[in-house]
2 protein chains.
Amino acid sequence: MTDTTDRAAGPRAYQAVLSSIEADLRSGRLNIGDRLPGERTLSEQHGISRASVRDAIRILDVMGLVRTATGSGPNSGTILISDPAAGLSSTLRLHVASRHLPVADIVQARILLETWAATAATTRPIDEPSLARAAELLALMDDPALGREAFHDLDSQFHVLLSTLAGNAVVSAMMESLRLSIMDYVRHAVTTDEQWQPVAQALRHQHHGILDALTARDGDLAARLLGEHIEWFFTETAR
Amino acid sequence: MTDTTDRAAGPRAYQAVLSSIEADLRSGRLNIGDRLPGERTLSEQHGISRASVRDAIRILDVMGLVRTATGSGPNSGTILISDPAAGLSSTLRLHVASRHLPVADIVQARILLETWAATAATTRPIDEPSLARAAELLALMDDPALGREAFHDLDSQFHVLLSTLAGNAVVSAMMESLRLSIMDYVRHAVTTDEQWQPVAQALRHQHHGILDALTARDGDLAARLLGEHIEWFFTETAR
DNA sequence: CGCCTAGTATGGTCGGACCACATTGTTGTG
DNA sequence: CACAACAATGTGGTCCGACCATACTAGGCG
């Protein structure tokens, strides 16, 4: 039960572990930060081999639900985390690679989610600390000596931060995963520094405009600027 | 390195296979419907054990990128498919289970995506066959003798079909995955037939209204009805 | 007391074995 | 010759047992 992703095959051994863990999560017996029993223990508890247990844990790993670490002590073993965007983005990225999810659709979906988030953010109480943090990020990005990787990283943080202002964890996770899924696509689009510098300058300007609109609680303006921002970047780079 | 999901751990053996397959997908050397080499062949090609190869294939499996089948012949082995919603939904479902993605956020995101799709659909050329198919689905759902499982199945098909009218594969995949991720949550909410019958009746009526609006190319109305439809269902069942 | 070492528990990888299954080829029989 | 029954083959699914690298833990030794 609790499985809607059957592939109409024989019951896989690892499903036992997955179902058990899912049930424990729902009931609250397991929580983020908890350590899972060791693989050898689980294999004994469920009466399956350690290999099958590892299948289940590997799945949870790529889903962004656990992290694993070797060694001993409290920081080792399999530990429950919560990184939905990681799991979603890797899935999306592979499907983009298979060319059944067009990059244009990814971009369009991102615009949809982010503009909604911008609008929704202005219907909620003002989150002063987050806005301050956003301004801080923009200030860091204004440094002309900043490397491209660092810029992308800050850029990512900025967009994620804005999307969290809407207070919808699903939208934030999906938006971030969309962004991650086409990140190296973007990285490869602009290759030289000569191409990059003017782009970065434009992005800085756009970012400030967006944040200003949000600070002024003008959701419609923020949404419009954000949409144009994303749209512009992709027509600019993916030509 | 075509890998943005590193967990900052030692290089996993299965990454070799994943990267190779991802590269082959991007370059077009692999396409949907193709058969992957056997696990034993892959393990030899990449110089890793079959167990590690199986890790990679298992990951692709849960992502909805391949299906596996035992036996011999053209329909056996590991075959490339494209089912993004399956991979996304299983990830979402587990994260919902961990209670870090509230069901309310899922519903809100679904409303966002579906209402957008309804609006976007009316800005595109009329897809007569799909609308006819949608009407057909509603007609089937009108049968009062229909079982609940069958109703849910047709319901699902109806919503997915509508979302495809917008012509954005990513939005469709995400919308379907959101739906799947909370499907058994819904199934458990309404338990008895006495509870179910009036709900089904209301859903039928709402569906017809939505389709009528779409057929009349009134995107705003369709979006509004669709939003109310989803909202109503969840406030009705998840009380 | 403090440093160093042996012990222990953990996931990561490997190789090999066997099973269930589906197709294909072969053989025996009518 | 036709065809059914059987054997061979190739596939993923599972299991077992072993060994490794790592990271913490507990003692022993200076």
Side-chain angles (χ1 to χ4, degrees), chain A residues 3 5-21 30 33-81 83 86, chain B residues 3 5-21 30 33-81 83 86:
Chain A
D3 185 12
T5 59
D6 275 322
R7 284 211 201 353
R12 305 288 178 83
Y14 65 82
Q15 290 288 358
V17 183
L18 279 188
S19 302
S20 161
I21 290 176
L30 282 177
D34 290 354
R35 284 186 58 185
L36 256 54
E39 297 180 351
R40 293 161 180 86
T41 306
L42 285 174
S43 80
E44 194 181 343
Q45 284 178 355
H46 292 89
I48 59 179
S49 73
R50 192 184 155 209
S52 295
V53 170
R54 285 181 57 76
D55 272 356
I57 293 183
R58 168 85 49 251
I59 290 171
L60 294 175
D61 184 34
V62 299
M63 283 181 174
L65 264 155
V66 303
R67 69 167 179 81
T68 60
T70 63
S72 167
N75 281 335
S76 74
T78 306
I79 296 178
L80 281 168
I81 61 175
D83 190 359
Chain B
D3 185 12
T5 59
D6 274 322
R7 285 211 201 348
R12 306 289 177 82
Y14 65 81
Q15 288 288 358
V17 183
L18 279 187
S19 302
S20 161
I21 290 176
L30 282 177
D34 290 354
R35 285 187 56 185
L36 255 54
E39 298 179 349
R40 293 158 180 88
T41 306
L42 285 174
S43 81
E44 194 180 343
Q45 284 178 357
H46 292 90
I48 59 179
S49 73
R50 193 186 153 207
S52 295
V53 170
R54 285 181 59 76
D55 273 355
I57 293 183
R58 168 87 46 251
I59 290 171
L60 295 175
D61 184 34
V62 300
M63 283 182 174
L65 264 156
V66 303
R67 68 167 180 81
T68 59
T70 63
S72 167
N75 281 336
S76 74
T78 305
I79 296 178
L80 282 168
I81 61 176
D83 190 359

Subject >> Nucleic acid footprint by protein, nucleotides 4-11 of chain D - heavy-atom cut-off 4.0 Å, B for base, S for sugar-phosphate alone >> reply: ------BB
Grab the [atom1]-[atom2] distance between [X] and [N] for me, whole Å please.
{"X": "B/Ile57", "N": "D/dG13", "atom1": "CD1", "atom2": "P", "answer": "8 Å"}
{"X": "A/Arg67", "N": "D/dA23", "atom1": "CZ", "atom2": "P", "answer": "12 Å"}
{"X": "B/Arg54", "N": "D/dC16", "atom1": "CZ", "atom2": "C1'", "answer": "15 Å"}
{"X": "A/Glu44", "N": "C/dT10", "atom1": "CD", "atom2": "P", "answer": "12 Å"}
{"X": "A/Asn75", "N": "D/dT25", "atom1": "CG", "atom2": "C1'", "answer": "14 Å"}
{"X": "B/His46", "N": "C/dT13", "atom1": "NE2", "atom2": "P", "answer": "15 Å"}
{"X": "A/Arg50", "N": "D/dC20", "atom1": "CZ", "atom2": "C1'", "answer": "11 Å"}
{"X": "B/Tyr14", "N": "C/dG12", "atom1": "OH", "atom2": "P", "answer": "8 Å"}

Original post:
Would you say a side-chain N or O of A/Arg12 is under 4.0 Å from OP1 or OP2 of D/dG13?
Top reply: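 Yes, because at least one side-chain N or O of A/Arg12 sits under 4.0 Å from OP1 or OP2 of D/dG13.
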Original post:
Can you check whether B/Ser52 has a side-chain N or O nearer than 4.0 Å to OP1 or OP2 of C/dG12?
Top reply: no
Original post:
Toward the 5' end of DNA chain D, which comes first, A/Ala51 or A/Pro74, by nearest nucleotide?
Top reply: A/Ala51
Give me the atom names and distance for the closest heavy-atom approach of [X] to [Y].
{"X": "A/Asp61", "Y": "A/Arg67", "answer": "OD1-CA, 4.3 Å"}
{"X": "A/Pro74", "Y": "A/Arg35", "answer": "O-CD, 3.6 Å"}
{"X": "A/Thr70", "Y": "A/Ser76", "answer": "O-CB, 3.5 Å"}

Taking side chain as C-beta onward, heavy atoms only, is [X] less than 4.5 Å from [Y]?
{"X": "B/Ile79", "Y": "B/Val66", "result": "no"}
{"X": "B/Leu18", "Y": "B/Gln15", "result": "yes"}
{"X": "B/Leu80", "Y": "B/Leu30", "result": "yes"}

Original post:
Just the dot-bracket of DNA chain D, please: which string comes out with Watson-Crick or G-U pairs under 3.5 Å, [ ] for crossing, | for another strand?
Top reply: ||||||||||||||||||||||||||||||
Show every donor-acceptor pair shorter than 3.5 Å between a side-chain atom in residues 51-59 of chain B and any protein atom, with sequence neighbours excluded, or say none if there are none.
from	atom 1	to	atom 2	distance (Å)
B/Arg54	NH1	B/Glu39	OE1	3.2
B/Arg54	NH1	B/Glu39	OE2	3.0
B/Asp55	OD2	A/Arg58	NE	3.3
B/Asp55	OD2	A/Arg58	NH2	3.3
B/Arg58	NE	A/Asp55	OD2	3.3
B/Arg58	NH2	A/Asp55	OD2	3.4

Original post:
At under 4.0 Å between heavy atoms, what does A/Ile48 touch on the DNA or RNA strands: base, sugar-phosphate, or nothing?
Top reply: sugar-phosphate
Original post:
Would you say the side-chain atoms of A/Ser19 pair up with the backbone N or O of A/Ala16, donor to acceptor, closer than 3.5 Å?
Top reply: no
**OP:** Output the distance between atom OG1 (B/Thr78) and atom CD1 (B/Ile21), rounded to the nearest 0.5 Å.
**Re:**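 These two atoms lie 8.5 Å from each other.
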**OP:** Specify the residue among B/Asp55 and B/Gly73 whose closest nucleotide of DNA chain C lies further upstream toward the 5′ end.
**Re:** B/Asp55
